Amino acid sequence: MKDFDEVTSWSVLRRDGVAVVVAHPEVGLPLVLHWGADLGELSSADLQALDLATSRQTAPGTLDAAWRPSLLPQESDGWAGRPGLLVVSDGVPLYPRWTVTEAERATAELVVTARDSVLGLTLRSYLEIGPGGLVLLRHELTNDGSAVVDVHWLEAMLPVPRSADHLTQFTGRWSREKVPVTTAMPAGSTVRQTRRGRSGHDAPWVTLASSGTPRNRTGEVWATHLGWSADVTHRVDHLTEHATLLGAGELVRPGEIHLSPGESYRTPVAYFAWSPTGLDGVSDRFHAWMRARPQHVTSPRPLVLNTWEAVYFDHSPAKLERLARRAAAVGVERFVLDDGWFHSRRDDTTGLGDWVVDRDVWPEGLDPLAGLVHELGMQFGLWFEPEMVNLDSDLARAHPDWILSNTAAVPSPDGLSFRTQYVLNLANPDAWEHVRGQISALVTQLGIDFIKWDHNRDLAEPVHIGSDGVSRPGTHVQTLAAYALIARLKADHPGLEIESCSSGGGRTDLGILEVTDRVWASDSNDPLERQDIQRWTSLVLPPELIGAHVGPSPTHSSGRTTDLSYRVATALQGHAGFEWDLLACTEDELVAVAAYAAIYKELRSLVHTGTVVHADTVDPALRVTGFVSPDRTAGMWTVATVASPQDALTERVRLDGLDPALRYSVQVRDEVGTAKWLGGVTPGWLGKEAIDIPGSVLTGVGLQLPTLWPMQALIIQVTATTAAE
Ligand code: DGJ
């Protein structure tokens with residue numbers, strides 16, 4: 001009988017309050033005994049004690065193996081849940097028996113190599129605790145044998161305690177991304193899959209296991225996210241006889257990962273965040289890890305004007321030049337020309353694929369506009385949708401075989417269109433080079449500082465012909481080709497920033513963010529809807545990466561009418577800008593938007609480097625979002641209503657994250673407009689002047705809120721008046 005309990009050595013990974021303890025058994029892959037709180041220095045006696053503390057009986061009615069989760073559980077381990085790996089040869093599943101050949105250890109890293117010499121498979125598993133205590137896990141499978149093998153899936157999982165009794169998954173739709181759905185932890189193996197060829201508006205995004213329903217500031221939460229921008233599987237296995245496993249992996253189609261002898265498949269990185277302090281603790285780990293990346297943007301995030309909702313496809317050089325002047329006058333620092341500038345693009349049915357300036361609309365090209373924008377001291381940005389093609393384009397007419405379709409070799413007028421467009425097969429090197437060349441030439445010619453990189457359709461039945469001449473599912477290679485194209489453009493044009501947009505927030509994962517610099521969170525510019533879309537986007541992404549623009553009222557995407565102060569408070573939560581025809585603003589509005597620009601510039605370094613805090617409110621109408629400087633001497637909160645408050649006496653709101661030992665000056669910033677509340681006596685702290693309040697009161701007692709009207713927001717700024725110790 002296989003002895004799973006014979007531990008021969010240990011690996012203890014520790015960083016930033018998190019530990020992963022791995023036992024290396026006599027037989028098979030390492031076992032993960034613990035992922036969670038740092039347990040301190042552990043002697044070998046301590047590790048043996050941990051081993052005893054977490055071992056279990058062999059329960060009646062189960063396999064004899066006293067199973068504990070390995071780095072990649074399979075049936076051969078006695079695991080009755082969804083296997084971590086399904087690999088098939090000649091139609092028959094393989095059941096590897098792994099022998100570890102090498103374990104490379106560092107303080108917060110473990111790389112394990114294991115082989116099955118009979119099947120001719122090598123597995124390398126990379127486990128790491130990154131900055132902020134975020135755990136990264138990926139696997140790589142190599143075919144060392146003589147037969148071809150097909151990988152059906154290879155996923156990354158970690159154990160969570162059985163006390164995690166709730167599961168939260170995300171769904172959504174266009175203009176309403178990232179809607180959490182919490183249920184009791186379902187029994188058995190649960191998979192959540194997407195097959196859109198992009199993440200999609202209903203992407204699983206993050207899967208959360210929690211003890212009780214997840215709260216913002218308290219309770220234990222375990223989260224996973226996959227850094228992959230296409231089809232994914234999120235999974236949780238909650239079997240009666242095993243530890244609960246949480247994980248994710250790329251969803252591949254049959255035949256898609258087809259390994260000839262010597263070939264390897266490397267999975268995307270699965271990210272895992274454990275938090276003892278609710279959802280904000282999860283965000284802290286993701287934000288700290290992201291901010292520590294070498295490519296993370298650190299320069300002040302420029303105030304943007306994006307032209308989409310200002311002019312849509314109605315491009316007039318004279319008007320856009322006036323708009324650029326107006327934008328510069330109110331303080332805009334980056335002017336982005338959206339869709340509609342390129343060859344024959346008069347609406348959304350034509351032109352995609354022809355990345356040359358339309359001379360009918362722009363007789364002198366874009367050079368005068370780009371020149372003016374630069375002269376006015378702003379950056380110049382331009383919209384592209386490089387992975388797409390319209391049938392009505394020179395590109396599709398010249399190269400119909402470059403269209404990614406279900407028939408692999410012919411254009412796809414019979415295939416499924418989506419916004420009347422098709423997908424360009426970027427895994428075709430000629431197509432890739434064509435797009436790269438056209439974009440690169442414009443970046444050089446116009447001095448483009450920023451690209452809004454859009455992706456407005458799902459992939460359907462994508463088939464790619466490989467170098468071996470065989471047709472196979474094409475999502476995997478398409479996704480890698482898109483990453484490579486973005487990376488190449490950035491390498492060739494140092495300083496170029498790229499935004500990931502996909503009909504709004506349809507592609508915001510950490511895979512695309514390896515090569516991009518921010519996301520367009522949603523095509524909803526409705527501040528009420530944005531409160532929640534941005535909140536859940538920031539579960540993973542720090543605010544400086546989340547595009548949040550002020551638009552006109554009524555909002556184009558929903559028709560809702562809101563006060564400018566509410567729209568501004570919502571945009572201040574991210575990388576702010578305008579999605580607005582400023583030429584249509586009244587004089588009063590222009591004064592207000594200039595005030596907005598000034599407040600944004602004053603507060604952006606706080607918001608873009610601070611810790612994000614969300615109060616747990618009783619009233620479902622309230623959204624309380626704060627940003628606290630790393631040294632806790634400054635903070636900014638937005639208190640927004642998304643409906644009518646439920647009680648006449650609204651609750652007090654605690655300013656979590658401040659230092660109770662300091663005193664703070666508390667001030668409401670109302671330059672852009674004063675929030676409205678039901679009449680009567682106003683809470684004393686809400687006067688015009690800043691008042692001085694001890695941090696212990698702000699964090700322990702809180703500020704009494706007025707009974708705000710629906711869709712109103714207070715911007716509260718706090719600044720320490722005593723020095724930090
Ligand atoms: C979808 C994006 O989300 C919008 O912001 C805009 O860029 C349009 N595409 C342009 O077609």
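Both ligands and their constituent atoms are indexed starting at 1 by order of listing. Quick caveat: nothing in here was measured; it's all calculated off a predicted structure. Residue numbers count from 1 along this sequence.
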Report summary line: The reported gap from OG in Ser553 to CG in Leu564 (rounded to nearest 0.5 angstrom) is 9.0 Å
Query raised in the report: Hey, are Glu499 and Arg334 close enough for a salt bridge, meaning a charged N less than 4.0 Å from a carboxylate O?
Result: no
Report task. Could you tell me whether the side chain of Asp358 reaches within less than 4.5 Å of the side chain of His315, counting heavy atoms only? Result -> no
Report summary line: Residue shell for ligand 1, any heavy atom closer than 4.0 Å, reads Trp308, Asp338, Asp339, Trp383, Arg419, Lys452, Asp454, Asn456, Cys501, Ser503, Gly504, Trp520, Asp523
Query raised in the report: Regarding Asn525 and His549, is there a side-chain donor-to-acceptor distance under 3.5 Å anywhere?
Result: no
Query raised in the report: Parallel, tilted or perpendicular for Trp355 and Trp341, by the 30°/60° rule?
Result: tilted
Query raised in the report: Would you call the rings of Tyr600 and His575 parallel, tilted or perpendicular if under 30° counts as parallel and over 60° as perpendicular?
Result: parallel
